[in-house]
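Here the structure is laid out as structure tokens; the discussion comes afterwards.
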Protein chains: 2
Amino acid sequence: MKLSAKVEYGVRAMAILALYYKEGPLPLREIAEQEKISLKFLEQIVPALRRSELIKSVRGAQGGYILSRPPEEIKVGDIVRSVEGPITPVDCLAEDRDDSCCHHKDGCLTRQVWEKLRDKINDVLDDVTLNELISLKPTQTL
Amino acid sequence: MKLSAKVEYGVRAMAILALYYKEGPLPLREIAEQEKISLKFLEQIVPALRRSELIKSVRGAQGGYILSRPPEEIKVGDIVRSVEGPITPVDCLAEDRDDSCCHHKDGCLTRQVWEKLRDKINDVLDDVTLNELISLKPTQTL
DNA sequence: TAGATATCCGAGTTATTTGGTCGGGATTAA
DNA sequence: TTAATCCCGACCAAATAACTCGGATATCTA
């Protein structure tokens, strides 16, 4: 029950972009430095975010990335699903196989839990926007 | 954001054991057949459940496994955590590293979401007992 | 006591996924 | 024109997942 490093980095990157939202495009190099992420690895993560239209790219010198919409309109769930695809706790919930979950024709005993789990995960992640992420600021290292 | 096959099989196996709870120990062979799971793979999954005292084993001929407690007292969350360990959506929530989540000394922007996510996942899974699993019966293949 | 039936244990194997790296091409501001 | 930047695809190593296999140990039944 883990998120991939890609998702974690993706969300961190988006949080940084939220902080710089009003200041025009921010190059990946900056994000990579601030978050201590390999630039090359970051480059591999952001295309998904762009294709989902969560960010826009500005090519060439002085270019970079900028959020497509204000931070309060972007949910963490959007980011997670963009980078990792739809939330599917177990394979049999994938879209392509509407019918046969397991081999049981008489109804699978466990499917309901997994559906509920999937829905709740989406709920939690959709309940937090980038704006909340950067303003609820620090749980403080305490 | 996937559960392992072990967890999925583990929950399925526990559901079967719940169905047979009143009939004494059920051998793995039976479960393996009903759920079309490799016996040898099942053998590798159940020890965790036994060590967590969710099931008891009866060795020798006519032996098998039986739930340690009635189905209504066993939560799906118990099973998942038993087989897969504690729910940690991202590594920095693991127990051993209370302090440094990421490299930020000034408080990590994202940690809160992951904590919330972890808690909600546990909530959902702890909200369903084996009894509910086998009595809410079929979402019907529909 | 002799099977037969089970659990139990640990090592080995294969396939997939993850978490990257690397090289270079296309675009554009200065 | 040069330097900064995004963009794309191939490659790679390590870890993990999903099994398999062989056999030891316990115990019921006959």
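On a predicted model such as this, the values are computed, not experimentally measured, just so you know. Quick note on labels: first sequence line is chain A, next is B, and so on, each numbered from 1.
Closest non-hydrogen pair, B:E84 versus B:L3, comes out as OE1-CD2, 3.6 Å. Nearest approach of A:C92 to A:R111, heavy atoms of both residues: O-NH1, 3.8 Å. Taking each heavy atom of A:L133 and A:A15 in turn, the nearest pair found is CD2-CB, 4.3 Å. Looking at every heavy atom in both residues, B:D127 comes nearest to A:K116 through OD2-NZ, 3.1 Å.
Judged by distance alone, the side chain of B:E35 and the main-chain N or O of B:Y9 form no donor-acceptor pair under 3.5 Å. Side chain of A:T88 to main chain of A:D91: no donor-acceptor pair is present (N/O by atom type, distance under 3.5 Å, no hydrogens or angles).
In this structure, B:L28 atom CG and C:dA6 atom C1' are separated by 9 Å, rounded to whole Å. For the pair B:I45 CD1 and C:dT7 C1', the interatomic distance rounds to 15 Å; values are reported in whole Å. Nucleotide D:dC6 holds its P atom 11 Å from the CZ atom of A:R50, rounded to whole Å. Look at CG on A:L42: it is 14 Å from C1' on D:dC7, rounded to the nearest Å. B:L26 places its CG atom 9 Å from the P atom of C:dT7, with the value rounded to the nearest Å. B:K2 has its NZ atom 11 Å from the P atom of D:dA18, to the nearest Å. Rounded to an integer number of Å, the gap from A:R51 CZ to D:dC7 P is 9 Å. The nearest whole Å value for the distance from the OH atom in B:Y65 to the C1' atom in C:dA6 is 8 Å.
No N or O donor and acceptor, one from the side chain of A:R29 and one from the base of D:dA4, sit under 3.5 Å apart. The base of C:dG10 is not paired with the side chain of B:K40 by any donor and acceptor separated by under 3.5 Å. On a pure distance criterion of 3.5 Å, a polar donor-acceptor pair joins the side chain of B:R59 and the base of C:dT7.
Checking A:T110 against B:E8 by side-chain atom types alone, no donor-acceptor pair falls below 3.5 Å.
Other residues, nucleotides and ligands contribute over 12 non-hydrogen atoms within 6.0 Å of the CD atom of A:E43.
For DNA chain C, the neighbouring residues in residues 30-38 of chain A, judged by any heavy atom under 4.0 Å, are A:S38.
Partners of B:S82 according to the side chain to side chain donor-acceptor pair (under 3.5 Å) rule, which considers only residues two or more places apart in sequence or in another chain, are B:S52. When the side chain to side chain donor-acceptor pair (under 3.5 Å) test is applied to B:K56, no partner is found at least two apart in sequence or on another chain.
Map A:E43 and B:V58 each onto its nearest nucleotide of DNA chain D; the residue landing nearer the 5' end is A:E43.
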Give each protein N/O atom lying under 3.5 Å from an N/O atom of nucleotides 15-19 of chain C, with the pair distance.
unit_1 : atom_1 : unit_2 : atom_2 : d
C:dG19 : OP2    : A:A5   : N      : 3.1

Report all side-chain donor-acceptor pairs from residues 19-34 of chain B shorter than 3.5 Å, counting only partners two or more places apart or in another chain.
unit_1 : atom_1 : unit_2 : atom_2 : d
B:Y20  : OH     : B:Q34  : NE2    : 3.0

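Under a hydrophobic-cluster definition in which Ile, Leu, Val, Met, Phe, Trp and Tyr are linked whenever side-chain heavy atoms come within less than 4.5 Å, directly or via other members, A:L93 and B:I79 are assigned to the same cluster.
Every stem involving DNA chain D, taken as at least 3 paired positions in a row under the Watson-Crick or G-U wobble test at 3.5 Å, is listed here: C:1-30 with D:1-30.
Considering only side-chain atoms of B:A61, the nucleotide from D:dC7, D:dA4, C:dT5 that sits closest is C:dT5.
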